[in-house]
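Every chain is numbered from 1 and lettered A, B, ... according to where its sequence line falls, protein lines coming before strand lines.
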Amino acid sequence: MSLVHEIDYGTPASHSQKTVTLTVDGAEVTVPEGTSVMRAAMEAGIQIPKLCATDMVDAFGSCRLCLVEIEGRNGTPSSCTTPAMDGLVVRTQTGRLKDIRRGVMELYISDHPLDCLTCAANGDCELQDMAGAVGLRDVRYGYEGENHVFPAAKTNGASNARFLPKDESNPYFTYDPSKCIVCSRCVRACEEVQGTFALTIEGRGFNSRVSPGMHESFLGSECVSCGACVQACPTATLTEKSVIEIGQPEHSKVTTCAYCGVGCSFKAEMRGEELVRMVPFKDGKANRGHSCVKGRFAYGYASHQDRILNPMIREKITDPWREVTWEEAYSHVASEFRRLQYQYGRNSIGGITSSRCTNEETFLVQKLIRAGFGNNNVDTCARVCHSPTGYGLKSTFGTSAGTQDFDSVEQTDVVIVIGANPTDGHPVFGSRLKKRLRQGAKLIVIDPRRIDLVRTPHVEAAYHLPLRPGTNVAVVTSLSHVIVTEGLFDEAFIRERCDWDEFQDWASFVSLPEHSPEAVEKLSGVPAEAIRGAARLFATGGNGAIYYGLGVTEHSQGSTTVMAIANLAMATGNIGREGVGVNPLRGQNNVQGACDMGSFPHELPGYRHISDDATRDIFEKLWGVQLQDEPGLRIPNMLDAAVDGTFRGIYIQGEDILQSDPDTKHVAAGLAAMECVVVHDLFLNETANYAHVFLPGSTFLEKDGTFTNAERRINRVRKVMSPRNGYADWEVTQNLAQAMGLGWNYTHPSQIMDEIAQTTPSFAGVSYDLLEREGSVQWPCNEKAPLGTPVMHIDGFVRGKGKFIRTEYVATDERTGPRFPLLLTTGRILSQYNVGAQTRRTENVVWHEEDRLEIHPHDAEQRGVCDGDWVKIASRAGETTLRAKVTDRVSPGVVYTTFHHPTTQANVVTTDFSDWATNCPEYKVTAVQIAPSNGPSEWQVEYESQAKQSRRIAAKLEAAE
Amino acid sequence: MSHNGTHDKLIYMANQIATFFTSQPRDGQVAGIADHINHFWEPRMRNQLFTILEEEGGKGLNELVIEAAKQIRRPAVA
Ligand code: SF4
Ligand code: SF4
Ligand code: SF4
Ligand code: FES
């Protein structure tokens, strides 16, 4: 094993179709027009010395190390800023160049500490490499003069005003100004790649220094800790703390982030089985070499002391846990599940698959349920987030997935972001979007809250429609109203691709006066002129793309809004090519995959309904069982049935439904009514408080498999260390299946993928061999598309003709009134992830110690609430307390919070209203009242003590494993 | 059967589905509701719906749901 090596070409690739041919050191090389001489040389295998250039950012031309000679030109131009041209004859190594380079290096080194042997970057320092490359042998200048290296002058001990101490405020990396060569790579990375503009170079010449904000610490600045600057830095100035602690890595493997649906590719850089650092992989097709703070830095949970490593059992949930052997745990679960089925019927048990686990693991859990339990009571956490996406897009387009790849955003001219907060929820996509917006694409934000994108450095939304929560359908339908009534629709596209009669029916529906912006203004609070302007811009501004998130789906009309979005895209002809499309931003890393793998109770893998005889036949033949042809229970239905007494046992892999699902009290009641709750997870999560059996899980670093991201991209997950609990999750499920009498015998996840390919047409071409060769592919991947499908519906919709569906706005029954006059909506922030089980166990807590309630100054004042005060938030479902943050990011009448911390218990407040089609809960609208409070609510206190009680572990097994 | 939470919730859900289809073109409304319930409701839930229809005269249910019932599949096993 060795490090996965990536070539630094010095400057970014040019995408020009035109090519030019030049000669570098006698070698002829042909490159796209716009390529730098430096990059052209590298393509020919010639590495020109460089310091300030790197291919993740545009060239700047400041270090003067990369000089070359060009025949017929005077002087020594820098190769990083000189474009390659036809017929150039370039020489990279001449006596004159050698002298200049040595002189440049001598100056750099004379203001640089010479502690190379003990420096964290030793072996991975470009300054060191360049000193070697140019043949620097001595440095004539001493350190007596002006320098940035020593705190005090050597001669007289006078303090050195130029010296700056280390900044160690960021939990993951350090900034040591004494090692800085002021190449500005970090500054450019922060601007161009991340788009945060947190760093500047202040001062000039010898005085110039890198500074976060205005002399702030990294932690105190705008910095979002994405790490792009650390990656860009050629010296030890910006260095991962883990590298300082451990040392340089010696081997690496490419794997996929296990946090969000962007699905960034990383090199996991290792020393033995110790993870040294995660470095985003340039060839990763979702992230193109970028990452966010979670994927790059927040992996500490994998080795956190809270991880449970031995299986545990208990009789009653009030008992303490007792550690047992794996065998005992399996046979206990098997006999309990069989007993329940014997006593209460075959359909009295079920399971939940995980959006955090691999496709292979998810496939096995649903297989265990369908083939082993003999029923279809399988569901997944996508129920509570994107199930309306599946339903809405399947009805209109014919597939339950987004239409584009992330690269597509580079061709987009107008973007609608609705109910999503990409800079927090999907940061790397957020950065790619911001980059496109800085190049001039226009932005329309539809969100109750002024999300960061609305105004951030060098980006400003053309329109922000701050709608009242719950009025998405009205607003999106109204956009279509404007487009249809003003004749802005794409008739040619619609006639060719969609059902014309259905379009006409829909067109007359949206044209009704009640859908006009003026009428909708009254419901939504969005000025009619803004709706008109946004509609016109979207219809006429060129390639239009729509990105949406949970702010669309988590409503009682979630599915209807998805259809309204699909209608809008079809009406404007924005489907079926680069730069357009309808793109759900998926929450968890493998939500897409979990849905693809047949995690829903009515669907077999590949979105085929369970009542379809031909599909069942494929699986029945292969698995040698008969499958039920009726849909099973969805999560909320399981809980209802549990309360009713007809559902008694559940196997939950990697989900924390007690914390993530709405109406906590109802979930708790459902779980408490069951006789055998099996939780398979890394930690004793909140759901485990109600469990009878705990099976320890493994992290993404400890197993092989695949995740499928929001672009339908199937990415490999590679094992870099042995599972600390002994078994990868797929092995645990397999052992459990064996204990229940199923004759499974997979020895590697690749065999599970082969079974998926064999049974599921859209995966027919997928294999680990293919993924090894291609890096990743996007489904459908089969005979027709052997390398996958980046953009869908190119020559026609999957369902044949695109279907326009009427979308009538129906006000949610969750209404404000005198008792509950405010609307609560929920969201997430960058540094934390979902219910926070992982991120809370990393240093990321420095950015988000607690959930806060955002409230408009006007509403706060009325209630006598000041910033930072404890407030009680009450709905008809329950009440909880948290601290207030007074801000005008939310409109009057709206309050907002995140749900990352279990003590906040935000879901005690959310109600059991849900999407009409899919039962996806209505998280985004709850009528509430706010009042000052002195501390935790009764429920919070009770819950805390119950949780503490429940986490006791009495008997430890002697030898672990 | 007592009027517990599940019972009321089921009526609510059925009516929500009916509300969506009410706005759809006339000829597809009833079939749309029946089809949706056949596709997504587990037999236990459909049984409960039939109980409400038959033993309680469909009290609380939207008229379109009652009309759609003729096309809703009766589960084989209870
Ligand atoms: S970590 Fe990211 S946001 Fe922070 S300064 Fe570096 S590039 Fe900018
Ligand atoms: S911190 Fe690193 S990348 Fe930034 S200017 Fe200094 S040496 Fe260059
Ligand atoms: S959390 Fe998402 S955006 Fe961040 S590194 Fe992981 S996959 Fe990429
Ligand atoms: S690498 Fe070209 S000037 Fe620095």
Engaged part of A:M638 at the chain B interface, taking heavy atoms whose separation is under 4.5 Å: neither
Ionic contact status for B:E42 with A:R634, cut-off 4.0 Å: no
Which atoms of A:F913 approach chain B - backbone, side chain, both or neither, heavy atom under 4.5 Å: side chain
Separation of A:S395 OG from B:H36 NE2 (nearest 0.5 Å): 9.0 Å
Contact summary for A:P631 and B:P43, nearest pair of heavy atoms: O-CD, 3.4 Å
Sole residue of B:Q48, B:R44, B:K9 in side chain to side chain donor-acceptor pair (under 3.5 Å) with A:D640: B:K9
Distance, nearest 0.5 Å, that separates CG of B:N38 from CD of A:E630: 8.0 Å
Contact class of A:N377 relative to chain B, heavy atoms under 4.5 angstrom: side chain
Distance in Å, A:T807 OG1 paired with B:Q24 CD, rounded so as to fall on 0.5 Å steps: 8.5 Å
Nearest-0.5 Å distance that lies between atom CG in A:D915 and atom CD in B:Q16: 7.5 Å
Heavy atoms of other groups near B:E63 CD, more than 12 under 6.0 Å: no
Centroid-centroid distance, A:Y391 to B:H39, less than 6.0 Å: no
Residue A:T918 versus chain B: region with a heavy atom under 4.5 Å: neither
Side-chain donor or acceptor of A:Q557 paired with backbone N/O of B:F20 under 3.5 Å: no
